[in-house]
K.L.:
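Right, I'll just put the structure down here and ask away after.
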2 protein chains.
Amino acid sequence: MTLLRSARPGVGSNDRGIPEATVARLPLYLRALGTLAEGGVTTCSSGELAEVTGVNPAKLRKDLSYLGSYGTRGVGYDVEYLRYQIARELGQTQTWDVVIVGAGNLGSALSTYQGFGSRGISIAAVLDTDPQRIGSNVGGVEVESFDRLAEIVRERHVSIAVVATPAEAAQGVADALVAAGVTSILNFAPTVLQVPDHVEQRLVDLSIELQILAYHEQRRTHDEADGGQEVMA
Amino acid sequence: MTLLRSARPGVGSNDRGIPEATVARLPLYLRALGTLAEGGVTTCSSGELAEVTGVNPAKLRKDLSYLGSYGTRGVGYDVEYLRYQIARELGQTQTWDVVIVGAGNLGSALSTYQGFGSRGISIAAVLDTDPQRIGSNVGGVEVESFDRLAEIVRERHVSIAVVATPAEAAQGVADALVAAGVTSILNFAPTVLQVPDHVEQRLVDLSIELQILAYHEQRRTHDEADGGQEVMA
DNA sequence: TCGATTTTGTCCACGCGTTCACAAGCTCTT
DNA sequence: AAGAGCTTGTGAACGCGTGGACAAAATCGA
Ligand SMILES: NC(=O)c1ccc[n+]([C@@H]2O[C@H](COP(=O)([O-])OP(=O)(O)OC[C@H]3O[C@@H](n4cnc5c(N)ncnc54)[C@H](O)[C@@H]3O)[C@@H](O)[C@H]2O)c1
Ligand SMILES: NC(=O)c1ccc[n+]([C@@H]2O[C@H](COP(=O)([O-])OP(=O)(O)OC[C@H]3O[C@@H](n4cnc5c(N)ncnc54)[C@H](O)[C@@H]3O)[C@@H](O)[C@H]2O)c1
């Protein structure tokens, strides 16, 4: 399994906070626990949870230990209880209103996606500058004018935004988002945005994902030619 | 900036290979160099490149040093030359044929996306099981039957696949991909796939991205209430 | 009640990744 | 030709993340 995103550099573990690497895995555990709960499972061990999430059991236990001691030795973890604790830690006891900027192919797919609701994410608005798109409907949400950004951010208490515009427009959009008071940006445009320190940025670059896989594929074939595959002694 | 993806655990730097963290940044540098080249820039320093990619200059130089000594002290890097060297290292001197499984919202958006070509990625096929979708056209590519997977992988020399099916179908799809000879999988379904060790898996989970941002937002407001913002002495 | 069994929580060691700091090396000016 | 001024490449220190190992704690059966 592979997780690649870059968070603000140098921000590893905060004051009293949970290590960044752990935060990135908690949603994984949460989802797995949800699946177990649906299957009627009431208790599970670190080994079982580690199995389905592809994580080392010791690492998983250490991750959970940052939240507190919610397990029972000799028994494991209560699925529902642990689920609640992780959800609380992640801030999923409340719903986060998110604005999506750019109602193109990707923005529309995201707007249509029904899987965010159960993760505490709600699409508050979808914005675009294209008059042709404004007023159209994506996933039950009406596309609104990008001009209304500041107003919408204020009225709907939005702090998280998704950028799904072409790369050329992304920096301008980011500036407007920051000016409107957004403090977390999920950026799908293939650019590193310049944002103030207090704004969290995550770049999701699908080309890069494939390029990384291609690199490993290349190395694989290259190694074969070199006899790079280690021979057993 | 934030990169989150999980690679096979424990695989840091390989035998003669480049550290995983560096590999994940190389495409970033490559793109920035492309932008500079378009702008007519022929030479750039580590400082300039670090600026636009949001990376520490020393880190950037160390990253590049894994490829060789391609810079000139006192001058910087030749944009075109460095571009070629990174592209070569990433395996972008060849084109990688990729199969997309699942022609739904996300799969269609990916198929339509025109930005992969310049990154050495070509969509060899888009597959689906839904008879309604098979034969339809997404981004100039005809959707083919998932039954033809093995045949297509063999004939078109595919080693990389994208999973864009519902989560319930993802493991089955992955098994079929592995059986067909695919060795790298980019998975958009919210599940950790169980694949053999020799298969590289990268999970891109958009919900998790937003959940991580929400966590930081929550901590932010929580800290404010606690007066968590450190006061200058 | 006691011992066998299971599983957590965490100490500890190790390795990767990051960053500082500076010597080595190049160019340009005088 | 020599020195001033930059910028690279890297040694070294440090910190975070990972995973092995085991003591502590809980359950269960006898
Ligand atoms: N579609 C994919 O699969 C894919 C893959 C990788 C990366 N991306 C990236 O994601 C981003 C979006 O991709 P897409 O395929 O949806 O593009 P798209 O062209 O389909 O959609 C872009 C949308 O953004 C709108 N827009 C342009 N400028 C704007 C502005 N200033 N403010 C608000 N809206 C604006 C456009 O009107 C359009 O509706 C791009 O940066 C692309 O590089 C997309
Ligand atoms: N759309 C989004 O923005 C978004 C966001 C986050 C995650 N995801 C995830 O990405 C995946 C795809 O999302 P989507 O919105 O495109 O879903 P979708 O329902 O629109 O499309 C899924 C497609 O997969 C096809 N399919 C089903 N079983 C298949 C099989 N066994 N083999 C081949 N094809 C099969 C279906 O026919 C359908 O065309 C899902 O797992 C979803 O959870 C999507």
Side-chain angles (χ1 to χ4, degrees), chain A residues 1-26 28-29 41-51 53-79 81-82 85, chain B residues 1-26 28-29 33 41-51 53-79 81-82 85-86:
Chain A
M1 173 192 51
T2 296
L3 297 170
L4 169 142
R5 314 286 184 284
S6 61
R8 184 132 29 79
V11 178
S13 65
N14 315 9
D15 315 328
R16 295 240 155 200
I18 294 172
E20 199 53 35
T22 296
V23 171
R25 284 187 294 266
L26 288 179
L28 225 53
Y29 306 149
V41 179
T42 58
T43 285
C44 80
S45 69
S46 65
E48 294 169 298
L49 201 49
E51 174 88 27
T53 52
V55 169
N56 176 296
K59 197 200 290 188
L60 187 145
R61 288 199 298 276
K62 174 155 279 189
D63 283 343
L64 296 182
S65 76
Y66 289 113
L67 311 189
S69 288
Y70 297 135
T72 308
R73 294 172 192 227
V75 177
Y77 300 90
D78 182 276
V79 172
Y81 185 56
L82 184 58
Q85 292 299 340
Chain B
M1 175 191 50
T2 296
L3 296 171
L4 169 141
R5 316 284 184 285
S6 61
R8 183 130 32 77
V11 179
S13 67
N14 315 11
D15 315 328
R16 294 242 155 200
I18 294 173
E20 198 54 33
T22 296
V23 171
R25 284 186 295 265
L26 287 179
L28 225 52
Y29 307 149
L33 288 168
V41 178
T42 58
T43 284
C44 81
S45 68
S46 65
E48 295 167 298
L49 201 49
E51 174 90 27
T53 51
V55 168
N56 177 297
K59 197 199 289 189
L60 188 145
R61 288 199 300 275
K62 178 151 279 189
D63 282 344
L64 296 183
S65 76
Y66 290 114
L67 312 190
S69 288
Y70 297 135
T72 308
R73 295 172 192 227
V75 178
Y77 300 90
D78 182 275
V79 171
Y81 185 57
L82 185 56
Q85 293 299 340
I86 297 179

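Quick caveat: nothing in here was measured; it's all calculated off a predicted structure. Letters A, B, ... mirror the listed sequences (proteins, then strands); counts begin at 1.
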K.L.:
Figure out the CD1/P separation between A/I18 and D/dG17, and round it to whole Å.
P.N.:
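The distance from CD1 of A/I18 to P of D/dG17 comes to 12 Å, rounded to the nearest Å.
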K.L.:
Below 4.0 angstrom from OP1 or OP2 of C/dC26, is there any side-chain N or O of B/Y77?
P.N.:
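So the side chain of B/Y77 is outside the cut-off, no N or O lying under 4.0 Å from OP1 or OP2 of C/dC26.
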K.L.:
Using whole Å, report how far CG of B/L64 lies from P of D/dT8.
P.N.:
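Answer to the nearest Å: 9 Å.
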K.L.:
Looking only at side-chain atoms of B/S45, point me to the closest of C/dG17, D/dT7, C/dG9.
P.N.:
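That would be D/dT7.
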K.L.:
Got a second to check how far B/I18's CD1 is from B/R25's CZ, nearest 0.5 Å?
P.N.:
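If I round to the nearest 0.5 Å, the distance is 11.5 Å.
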K.L.:
Let me know the distance between CD of B/E48 and P of D/dC6, rounded to the nearest Å.
P.N.:
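One finds 14 Å between P of D/dC6 and CD of B/E48, rounded.
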K.L.:
Where the side chain of B/P19 is concerned, which of C/dG17, D/dG9, D/dA26 is the nearest nucleotide?
P.N.:
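Between C/dG17, D/dG9, D/dA26, the one nearest the side chain of B/P19 would be C/dG17.
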K.L.:
Taking for each residue the nucleotide of DNA chain D with the nearest heavy atom, is it B/Y70 or A/G74 whose nucleotide lies nearer the 5' end?
P.N.:
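Nearest nucleotide further toward 5': that of B/Y70.
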K.L.:
Less than 4.0 angstrom between a side-chain N/O of B/N56 and OP1 or OP2 of C/dG17, yes or no?
P.N.:
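For C/dG17, neither OP1 nor OP2 has a side-chain N or O of B/N56 closer than 4.0 Å.
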K.L.:
Stepwise, does the side-chain contact (heavy atoms from CB on, under 4.5 Å) test hold for A/D78 with A/T72?
P.N.:
CA-CA 8 Å; A/D78 182 276; A/T72 308; over 6 Å; no
K.L.:
Does the pair A/Y29 and A/L82 meet the rule for a side-chain contact (heavy atoms from CB on, under 4.5 Å), with working shown?
P.N.:
CA-CA 9 Å; A/Y29 306 149; A/L82 184 58; over 6 Å; no
K.L.:
How long is the line joining OH of B/Y29 and C1' of D/dT8, in whole Å?
P.N.:
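Rounding to the nearest Å, OH of B/Y29 and C1' of D/dT8 are 15 Å apart.
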K.L.:
Just to confirm, is there a sub-4.0 Å distance from OP1 or OP2 of C/dT18 to any side-chain nitrogen or oxygen of B/R25?
P.N.:
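Yes, such a contact exists.
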K.L.:
Go through D/dG9, D/dG20, D/dG17 for me and flag the one nearest to the A/A58 side chain.
P.N.:
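Ranking D/dG9, D/dG20, D/dG17 by closest atom to the A/A58 side chain puts D/dG20 first.
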K.L.:
What is the separation between atom CG on A/L60 and atom C1' on C/dT10, rounded to the nearest whole Å?
P.N.:
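Those two atoms, CG and C1', are 14 Å apart.
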K.L.:
Between C1' on D/dT18 and CZ on A/R61, what's the gap in Å once rounded to a whole number?
P.N.:
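The distance from CZ of A/R61 to C1' of D/dT18 comes to 13 Å, rounded to the nearest Å.
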K.L.:
When the distance from CG of B/L49 to C1' of D/dT8 is rounded to whole Å, what number comes out?
P.N.:
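Interatomic distance, CG of B/L49 to C1' of D/dT8: 13 Å.
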K.L.:
Looking at B/S46, does any N or O in its side chain come under 4.0 Å of the phosphate oxygens OP1/OP2 on D/dT8?
P.N.:
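Result: yes.
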K.L.:
Taking for each residue the nucleotide of DNA chain D with the nearest heavy atom, is it B/V75 or A/D63 whose nucleotide lies nearer the 5' end?
P.N.:
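It is B/V75 whose nearest nucleotide is closer to the 5' end.
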K.L.:
Does B/K59 have a side-chain nitrogen or oxygen under 4.0 Å from the phosphate oxygens OP1 or OP2 of C/dT18?
P.N.:
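Answer is yes, contact under 4.0 Å.
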K.L.:
What's the spacing between A/T53 OG1 and A/K59 NZ if we round to 0.5 Å?
P.N.:
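The OG1 atom of A/T53 sits 9.5 Å away from the NZ atom of A/K59.
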K.L.:
Is there a donor and acceptor pair closer than 3.5 Å between the side chain of B/R73 and the base of D/dT7?
P.N.:
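Flag unset: no donor-acceptor pair detected.
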K.L.:
Decide side-chain contact (heavy atoms from CB on, under 4.5 Å) for B/L49 and B/Y77; before the verdict, give the C-alpha distance in whole Å, the side-chain angles of both, and the deciding distance to 0.1 Å.
P.N.:
CA-CA 10 Å; B/L49 201 49; B/Y77 300 90; 5.6 Å; no
K.L.:
Please evaluate the base of D/dG19 for a donor-acceptor partner in the side chain of A/K62 within a cut-off of under 3.5 Å?
P.N.:
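Indeed, a donor on one side and an acceptor on the other fall under 3.5 Å apart.
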